[in-house]
Amino acid sequence: MKQIKETKLKIIEVEKGNVFHALKSNESDFNGFGEAYFSSVTFKDIKAWKKHKKMTLNLIVILGLIKFVLYDDREGKSKNQQISQFIIGPEQNYARLTVPPGVWFGFQGYDKGKNILLNIADIEHEPNEIERKPLEYIHYNWN
């Protein structure tokens with residue numbers, strides 16, 4: 001069973017603008033390339049719940065700060081480890097969050113400015129491989 005994983009990423013400070021690493025093909029989290037896309041979320045807004053049946057997500061916050069909440073109800077997962085929370089952003093905790101297929105996730109804008117994430121997915125978007133539920137589906141206090 002693939003695990004949820006937070007990987008600290010390297011920022012190379014350069015005089016005229018920094019370089020932010022995301023994902024290399026020789027890393028264990030790289031499962032191939034399907035597509036990359038950006039998504040934004042405004043401050044305090046919540047985008048939840050979604051679960052991919054086949055896609056592995058590699059989420060990197062490139063601007064602002066985003067709180068990710070994951071609900072792992074896959075078979076074999078103990079009840080006390082079902083919900084995980086990560087707050088990620090380039091100024092506070094620059095990391096990549098790898099979310100395997102079968103894990104519910106949602107995210108919330110956590111910075112008053114713009115909040116933008118990059119997803120480097122291992123397969124192309126397929127509408128039929130996504131399951132969606134309303135915010136109330138998973139009991140989590142977003143405040």
Side-chain angles (χ1 to χ4, degrees), residues 1-14 16-135 137-142:
M1 178 183 306
K2 292 182 182 178
Q3 299 300 311
I4 298 165
K5 183 177 177 186
E6 181 184 31
T7 304
K8 299 298 181 195
L9 296 174
K10 188 174 183 180
I11 300 174
I12 301 170
E13 294 186 15
V14 181
K16 295 184 181 182
N18 296 339
V19 175
F20 296 81
H21 279 210
L23 181 65
K24 296 178 182 179
S25 63
N26 66 349
E27 292 180 289
S28 63
D29 298 325
F30 183 77
N31 296 320
F33 177 76
E35 70 176 6
Y37 65 83
F38 296 96
S39 182
S40 66
V41 60
T42 54
F43 180 57
K44 292 190 178 180
D45 281 346
I46 300 165
K47 294 184 174 183
W49 296 102
K50 191 182 337 185
K51 174 172 71 171
H52 288 276
K53 298 172 190 172
K54 296 187 272 182
M55 182 186 286
T56 297
L57 311 173
N58 285 287
L59 304 168
I60 302 121
V61 177
I62 62 160
L63 184 64
L65 198 60
I66 297 177
K67 175 166 66 170
F68 295 92
V69 178
L70 289 75
Y71 176 66
D72 192 350
D73 63 351
R74 295 177 294 172
E75 200 170 303
K77 193 70 173 168
S78 69
K79 293 284 183 200
N80 63 351
Q81 295 180 344
Q82 286 184 331
I83 291 184
S84 302
Q85 163 183 305
F86 302 88
I87 298 174
I88 298 175
E91 303 299 323
Q92 182 174 317
N93 177 28
Y94 187 58
R96 178 182 61 245
L97 183 59
T98 302
V99 182
V103 175
W104 292 99
F105 74 99
F107 54 94
Q108 178 181 36
Y110 220 63
D111 192 1
K112 290 182 181 177
K114 293 186 179 195
N115 301 287
I116 301 175
L117 68 85
L118 165 64
N119 178 24
I120 303 172
D122 62 341
I123 63 170
E124 288 184 37
H125 173 78
E126 296 176 24
N128 296 334
E129 71 89 38
I130 301 168
E131 221 177 301
R132 299 176 195 274
K133 296 288 184 185
L135 188 60
Y137 177 72
I138 296 167
H139 302 288
Y140 176 80
N141 182 0
W142 288 89

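Computation of the quantities below employed the complete heavy-atom set of this structure, encompassing side-chain atoms and omitting hydrogens, waters and symmetry-equivalent molecules.
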Smallest separation among heavy atoms of [X] and [Y], with atom names:
X      : Y      : result
Pro101 : Lys2   : CD-CD, 4.5 Å
Asp111 : Gly64  : OD2-CA, 3.6 Å
Ala22  : Ile120 : CB-CD1, 4.1 Å
Gly106 : Ala48  : CA-CB, 3.6 Å

Report the distance from atom [atom1] of [X] to atom [atom2] of [Y], rounding to the nearest 0.5 Å.
X      : Y      : atom1 : atom2 : value
Phe107 : Ile88  : CZ    : CD1   : 12.0 Å
Gln108 : Ile46  : CD    : CD1   : 4.5 Å
Ile66  : Leu63  : CD1   : CG    : 8.5 Å
Arg96  : Phe86  : CZ    : CZ    : 13.0 Å
Thr98  : Ile60  : OG1   : CD1   : 8.0 Å
Trp49  : Ile138 : CH2   : CD1   : 4.5 Å

Sub-3.5 Å donor-acceptor pair from the side chain of [X] to the main-chain atoms of [Y], do we have one?
X      : Y      : answer
Gln82  : Asp73  : no
Gln92  : Gly89  : no
Lys24  : Phe30  : no
Asn115 : Gly113 : yes
Asn119 : Ala36  : no
Trp104 : Lys50  : no
Asn18  : Ile11  : no
Glu6   : Ala95  : no

- Task: Go through Asp122 and Met55 one step at a time and tell me if the side-chain contact (heavy atoms from CB on, under 4.5 Å) criterion holds.
- Result: CA-CA 6 Å; Asp122 62 341; Met55 182 186 286; 3.8 Å; yes

- On the 0 to 90° scale, with breaks at 30° and 60°, tag the Phe105-His52 ring pair as parallel, tilted or perpendicular.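 Phe105 and His52: parallel rings.
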
- Query: For the residue pair Trp142 and Tyr140, does the interplanar ring angle fall in the parallel (under 30°), tilted (30 to 60°) or perpendicular (over 60°) class?
  - Reply: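 Ring orientation, 0 to 90° scale: perpendicular.
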
Is the closest side-chain heavy-atom distance between [X] and [Y] below 4.5 Å?
X      : Y      : value
Phe38  : Ile62  : yes
Asn93  : Ile87  : no
Val103 : Arg74  : yes
His125 : Ile130 : yes
Pro100 : Ile4   : yes
Ser84  : Val69  : no
Tyr94  : Val61  : no
Thr7   : Asp29  : yes

More than 12 heavy atoms of other residues, nucleotides or ligands under 6.0 Å from [atom1] of [X]: is that the case?
X      : atom1 : answer
Lys10  : NZ    : no
Glu131 : CD    : yes
Gln85  : CD    : yes
Lys53  : NZ    : yes

